[in-house]
Amino acid sequence: MENIIASFKKTNPTEIIDKGELVEISIIDQGITKCKTEYSRLAIGVAADKFVRKNNIVYFYQGRDINEEVQESLNVIVNGVATVKVLGHVNIGDLLISSEEPGKAKAARYQEDNSNIGRILGKVIQYTDKDDEVIAIINFS
């Protein structure tokens with residue numbers, strides 16, 4: 001499966017958005033910002049590794065460039081497989097929604113959340129070495 005990555009203008013170029021954090025469309029300027037709303041219906045994807053194309057070769061960088069203080073745009077995985085920052089315990093097979101903690105997803109719990117679960121972001125397929133992240137299939141179709 002090949003990831004579909006799109007580059008979006010950031011609402012605030014100095015906002016730090018780390019790899020794996022959820023992003024949403026800002027209704028103010030249609031730029032992107034870190035997802036700050038639980039059950040967000042404006043979520044559009046997961047921050048990806050930054051990449052730069054030079055001479056038709058794509059170079060990937062983990063996170064932010066050390067020398068870069070301002071980042072006007074951000075690459076976002078809108079479909080594919082991604083590392084996702086999560087809040088609380090999630091199981092393999094859980095559906096992910098935005099949480100109350102900025103940039104993090106959580107497992108959708110239908111009995112607790114009723115039908116107001118917001119936008120389904122993807123499905124957990126694998127754990128990682130870190131307690132606060134998982135690998136998930138992202139599908140923003």
(request) Output all residues satisfying salt bridge (Lys or Arg N to Asp or Glu O under 4.0 Å) with K9, sequence neighbours left out; order by chain, then residue number. (result) D29
(message) Which heavy atom of N91 sits nearest to which heavy atom of Y127, and what is that distance?
(response) CA-OH, 3.4 Å
(message) Could you check whether any side-chain heavy atom of L74 comes within less than 4.5 Å of a side-chain heavy atom of I32, counting everything from C-beta outward?
(response) yes
(message) I'd like to check the side-chain contact (heavy atoms from CB on, under 4.5 Å) partners of E100; sequence neighbours left out, ordered by chain and number.
(response) E38, L87, K106
(message) Checking the side chain of S99 only, and the main-chain atoms of K104 only, is there a donor and an acceptor separated by less than 3.5 Å?
(response) yes
(message) When you compare the side chain of I97 with that of I120, does any pair of heavy atoms fall below 4.5 Å?
(response) yes
(request) May I ask you to test the V78-I5 pair for a side-chain heavy-atom distance under 4.5 Å? (result) no
(message) Run the salt bridge (Lys or Arg N to Asp or Glu O under 4.0 Å) test against E24 and tell me which residues pass, sequence neighbours left out.
(response) none
(message) According to side-chain contact (heavy atoms from CB on, under 4.5 Å), who are the partners of I135, at least two apart in sequence or on a separate chain?
(response) V81, T83, I125, Q126, T128
(message) Does atom NZ (K36) have a neighbourhood of more than 12 heavy atoms from anything else shown, all under 6.0 Å?
(response) yes
(request) Considering non-hydrogen atoms only, spot the tightest contact between C35 and S40 and give its length. (result) SG-CB, 3.7 Å
(message) Which residue is it: I77, I17, T11? I am looking for the one with a side-chain contact (heavy atoms from CB on, under 4.5 Å) to V23.
(response) I17
(request) Scan residues 79-96 for pairs that pass salt bridge (Lys or Arg N to Asp or Glu O under 4.0 Å), counting only residues two or more places apart or in two chains. (result) K85-E133, D94-R109
(request) Identify the heavy atoms of R119 and R41 that sit nearest to each other, and give their distance. (result) CD-O, 4.1 Å
(message) To check you understand the geometry: which heavy-atom pair defines the closest contact between N3 and G80, and what is its length?
(response) OD1-CA, 3.1 Å
(request) Rounded to the nearest 0.5 Å, what's the gap from CD1 on I137 to CG on L96? Could you check? (result) 11.0 Å
(message) Which residues end up grouped with L42 if you chain together Ile, Leu, Val, Met, Phe, Trp and Tyr wherever their side-chain heavy atoms are less than 4.5 Å apart?
(response) I27
(message) If you define the side chain from C-beta out and look only at heavy atoms, does anything of V46 sit under 4.5 Å from L22?
(response) yes
(message) For a 4.5 angstrom cut-off between non-hydrogen side-chain atoms, does V84 reach L121?
(response) no
